[in-house]
2 protein chains.
Amino acid sequence: MKTQTPKGFRDFLPKDALKRKFLLDKIIEVFERFGFDPLETPTLEFEETLAGKYGEEEKLIYKFETRGGDKVALKYDQTVPLARVVAQYGPNGQQVLPIPFKRYQIQAAYRGENPQAGRYREFLQCDADIVGVSNSLVDAELLSLMYEIYLNLGLDVVIKINDRSLLKGIEPKFLSTIDKLNKINDTGVLKELEEKGLSKDKALELLNKVKNLKPTANLKETQILYFKMGYPKDSLKFDPTLIRGLDYYTGIIMEVVLKSDPLSLSLCGGGRYDEMIGKFSGVDLPANGFSIGLERTMNAMAKQGLLDTPPTNTKVLVTLFSPELIQKSLEVTSNLRKEDITTEIWLDPGAKLEKQLKYADTKGIPYVIIIGPEEIKNKKVMVKDLKKKTQESISQPNLLDAIS
Amino acid sequence: MKTQTPKGFRDFLPKDALKRKFLLDKIIEVFERFGFDPLETPTLEFEETLAGKYGEEEKLIYKFETRGGDKVALKYDQTVPLARVVAQYGPNGQQVLPIPFKRYQIQAAYRGENPQAGRYREFLQCDADIVGVSNSLVDAELLSLMYEIYLNLGLDVVIKINDRSLLKGIEPKFLSTIDKLNKINDTGVLKELEEKGLSKDKALELLNKVKNLKPTANLKETQILYFKMGYPKDSLKFDPTLIRGLDYYTGIIMEVVLKSDPLSLSLCGGGRYDEMIGKFSGVDLPANGFSIGLERTMNAMAKQGLLDTPPTNTKVLVTLFSPELIQKSLEVTSNLRKEDITTEIWLDPGAKLEKQLKYADTKGIPYVIIIGPEEIKNKKVMVKDLKKKTQESISQPNLLDAIS
C-alpha cells in the first residue's frame, strides 16, 4: 500500500497545522477589523471559466473530465473565481452582492509546478479584494490593511508601490528584465536588455527613464491618504522599478518586504485590475486586491522567533494511576475542561505512569496531573511542570488557579 | 463566459460563509478543550491509496491522471487519509506521531453523487478520531466529546449506541433492511425481509432477535464511564437496531439525533474501526471516531433559531459627508478599529449619503456614523442605529462606549 502523498502535496501534522492556524487567526482578525467578509468558492471550476486568464501559465492548470462529462479544472487562484462570483451575483448578475464588495478568501490553489523548485502544487492563498470602486481612497485602505496585518504578525515591513500606467508603452519583455533589478543589479539588467535587442545607449536610457519616473497623481493622493491614517513615513515607498508579473494590473501595484531586507522576495503583493471582471460580465467593474504569501510570511516569522507556537493544543494531561482510580481522574478532567483548560485524560488504564509521562513529554504537553491513593486521601493532586521539571502537591480547590 | 459552478459545487457568499465559520468555531472550541489537535491532508491522494476502501461507492471517486502521469484522486473522506497518515508517520512508519493520536480534521471531501438527491459533490467534513487504543474509556471519551459539541451548539440531543459485534452472523443484506426501521417501521421491514427471501416466520424471528439484543460488556462499561462523567441519563441510549452503513466498523457504533425528533436522520455518527489502519501499515492499530454532519446540524440549528448570525462582520459604517471632510472620517475609523470594533469606511467620496445608508442597510451593518460640518464644529458624531431606526448625536470621546 502506498503511504505517501503525490509530489508537491503535503500533510500538515498537528505541530505545523497549529502554526498555520495561529497565523491565519491573526490575519483574519485584521480582515474582520476592516470589515472584510469571508467568501468561499469551490475547488473545481468549469475549465472554460479559467481558460484564457493566465497567459503562458495556463498549462499548469489541473484539468480533467468528470464521469458525467463536465470539463473541470482545479482552482488556480482566488482572483478568477472572485471575478466569476461578482459577475454571477453582482450588479450585472443576480444583484445580491452589495457594492463595494469587500471580501477575504483563504483557500487552496492548485498548480502543476515543478516541485523541485521548492514550489508546492497545493498551497493556501490568503486574499483580500475590494470590488466596485476605483480611487485613491480604496488603494490607501488596502495599503493600510496590508500594514496592519504585518503589524499584527509582529513583522516590521515596508510597502513598495508603483503605478502600472507609468509603464505603459514599454515592451513587456523589457519590463520583465527590469523586474529582476533587485536580483541582478544594474549591470545584469543592462546586459539582458542588450541581449533582448537594445543598443547599449538605449538600454541605459530605458533603465534611467524607469528609475526616474515620478508618481502619478493617483499615487500621490494615495500616499497622502495613507499618511493621514497615521502610518509611519518609512512604511511606504514609491519604487518605479517595481513591476510585478501578472498582465492584468491597470493601476497601483504594491508589494510588502521586510524593512530589514528590502531587496528580498516580497511577502505579499497585489494591485489594481480594473478590466478583469468585465471579461465575465461584459461590464467593467474595477477591483484592487492582494494576496499574502503564507509560506514566505511564515518563514520570516520563524526566523524572528515569532512562530514558536506550542506543538499541541493540550495544556494538561490527567494521568491514570490505576484502573480503580479512574473516577477521580475523570472528575478532575471534567472540572478542568469546564474552565476551558484544554485537557486530555490518559486513555489506556493498563499503562504505567512512566509511559504516560513520556507521551506528555513527546507531545509537548506542559503539565501532568497525577492522582494516586495518597492524593485522594489528602484531597490533593500532584502537578508536574514538564518544562521546569518541578512538581507540586496542590489541594484540589486550588488546582484551577494554579494551572491558569 | 460561463458564470456558474459545476453541479453539486457551491459558492458560499459572506452571509453563509459566516454561518459556517460560526458553527466551526464552536465545534473547534470543544475539540481543543478535549485536547484534540488539527490535522490537514492534501486534496489529492494517489488513486491507489483510496482504491479498495469504499466498496461499491468507489465509483463515486473523482480520478484523473496528471500531466506528469500520476494517477490521482480527490479525497473521498478524511478516514482513509488519516489511516495513511498514521501508517506513514506512526509507530510502524516514521515514528513521529505520539500514540494515542487524537486529531480533528475539517476539510472538504469529493463525491460524484447525483446532485438531484440534495447531495453535494464537494462538502466539508468535520471528523474527530482517536487512534491507538481500543477500550471503553476511549469510547466513552468520544461519546462525551459528541455530547459536549452539541451542548455547545445549543442542541438537545440523544446519542444512540450499538455494538457491531452483536450483529455478526446476520447477513448484510438483511441488516441493510433493518437499518430502515425508523423510516419504514416494522411492517415495511418485515415485508422487505420477505422480499429478500426470508419466510414470514423467519423474518419476524430475525427482527425480534435484533430488537432484543443486549449490550455487550464493553458497551455496558462505556455507558457506566459516560455517566460517571456526569452526563444526563437520557442523553445516551442503547439501540440494537442501529446499524450504520460502512462495512469497516468492528465495535461500538454511535449516532447523534435530536431529542425532540429521535427518528430523524442522524446529525453525527461514527464508530470503532480497529482493522482499517492495518490495511496500510500491515500492523493493526485500533481506532474510533466520528464525523459531524455539518449540513444537517446547521439545518437543525437554523430551525431552532440558533444560527441567526449577523450577515456581515462589519458593525459600523463610517460615511463620507463630502470629499473635504474625509480626514475626520479616517480618524474616527482608525479609532474604532484600534478598539477592535469592526469598521468600514465608505470608499467612494463622490457618493450621496443616501447611497451610503442604503449600502449599510442592504449589507446588514447595524450602525452608521455621520460626520458633517455641524458635527465637526461641536466635536460630535451622529450615530444611526439602522435596526431601531434611531439616531443620536454623541460627543466623540464617548463614541467607543456608545458603540460597544
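Fair warning: this is a prediction, and the values are worked out from it, not measured in the lab. Letters go in sequence order (proteins before strands), and every chain restarts at 1.
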Taking C-beta and beyond as the side chain, do [X] and [Y] meet within less than 4.5 Å on heavy atoms?
| X | Y | result |
| --- | --- | --- |
| A/N313 | B/P38 | yes |
| B/L18 | B/P310 | no |
| B/Q94 | B/Q88 | yes |
| B/T343 | B/T314 | no |

Contacting moiety of [X], where chain B heavy atoms sit under 4.5 Å:
| X | result |
| --- | --- |
| A/E148 | neither |
| A/L336 | neither |
| A/I28 | side chain |
| A/S334 | side chain |
| A/N135 | side chain |
| A/L44 | both |
| A/V85 | side chain |
| A/I341 | backbone |

When only heavy atoms count and the cut-off is under 4.5 Å, which of residues 99-107 of chain B reach chain A?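 So far as heavy atoms go, B/I99, B/P100, B/F101, B/K102, B/Y104 are the residues that approach chain A to under 4.5 Å.
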
Contact winner vs chain A - [options], heavy-atom pairs under 4.5 Å:
| options | value |
| --- | --- |
| B/L347, B/L137, B/L74, B/I365 | B/L347 |
| B/V133, B/T362, B/D70, B/T312 | B/T312 |
| B/Y62, B/F9, B/F31, B/F12 | B/F12 |
| B/T43, B/L330, B/D348 | B/T43 |
| B/P14, B/P6, B/A17, B/P98 | B/P6 |
| B/Q327, B/M229, B/K338 | B/Q327 |

For residues [X] and [Y], is any side-chain donor paired with an opposing acceptor at under 3.5 Å?
| X | Y | value |
| --- | --- | --- |
| B/E32 | A/T342 | no |
| A/E221 | A/S136 | yes |
| B/E122 | B/Y110 | yes |

Is it the side chain or the backbone of [X] that comes within 4.5 Å of chain A heavy atoms, both, or neither?
| X | answer |
| --- | --- |
| B/Q4 | both |
| B/P81 | neither |
| B/K21 | side chain |
| B/V30 | neither |

For B/R67 and A/K59, indicate whether the former's side chain and the latter's backbone hold a donor-acceptor pair under 3.5 Å.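 Checking the backbone N and O of A/K59 against the side chain of B/R67, a donor-acceptor pair under 3.5 Å is found.
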
[X]/[Y] ion pair, N-O < 4.0 Å:
| X | Y | answer |
| --- | --- | --- |
| A/R337 | B/E141 | yes |
| A/K363 | A/E344 | yes |
| A/K53 | A/E58 | no |
| B/K15 | A/D37 | no |
| B/E47 | B/K75 | no |
| A/R10 | B/E40 | no |

Picking from A/Y359, A/F34, A/W346, which has the most non-hydrogen pairs under 4.5 angstrom with chain B?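 Of A/Y359, A/F34, A/W346, A/F34 has the most heavy-atom pairs under 4.5 Å with chain B.
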
B/N288: side chain to side chain donor-acceptor pair (under 3.5 Å) partners, not counting sequence neighbours: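 With sequence neighbours excluded, B/N288 shows a side chain to side chain donor-acceptor pair (under 3.5 Å) to B/D139, given in chain and number order.
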
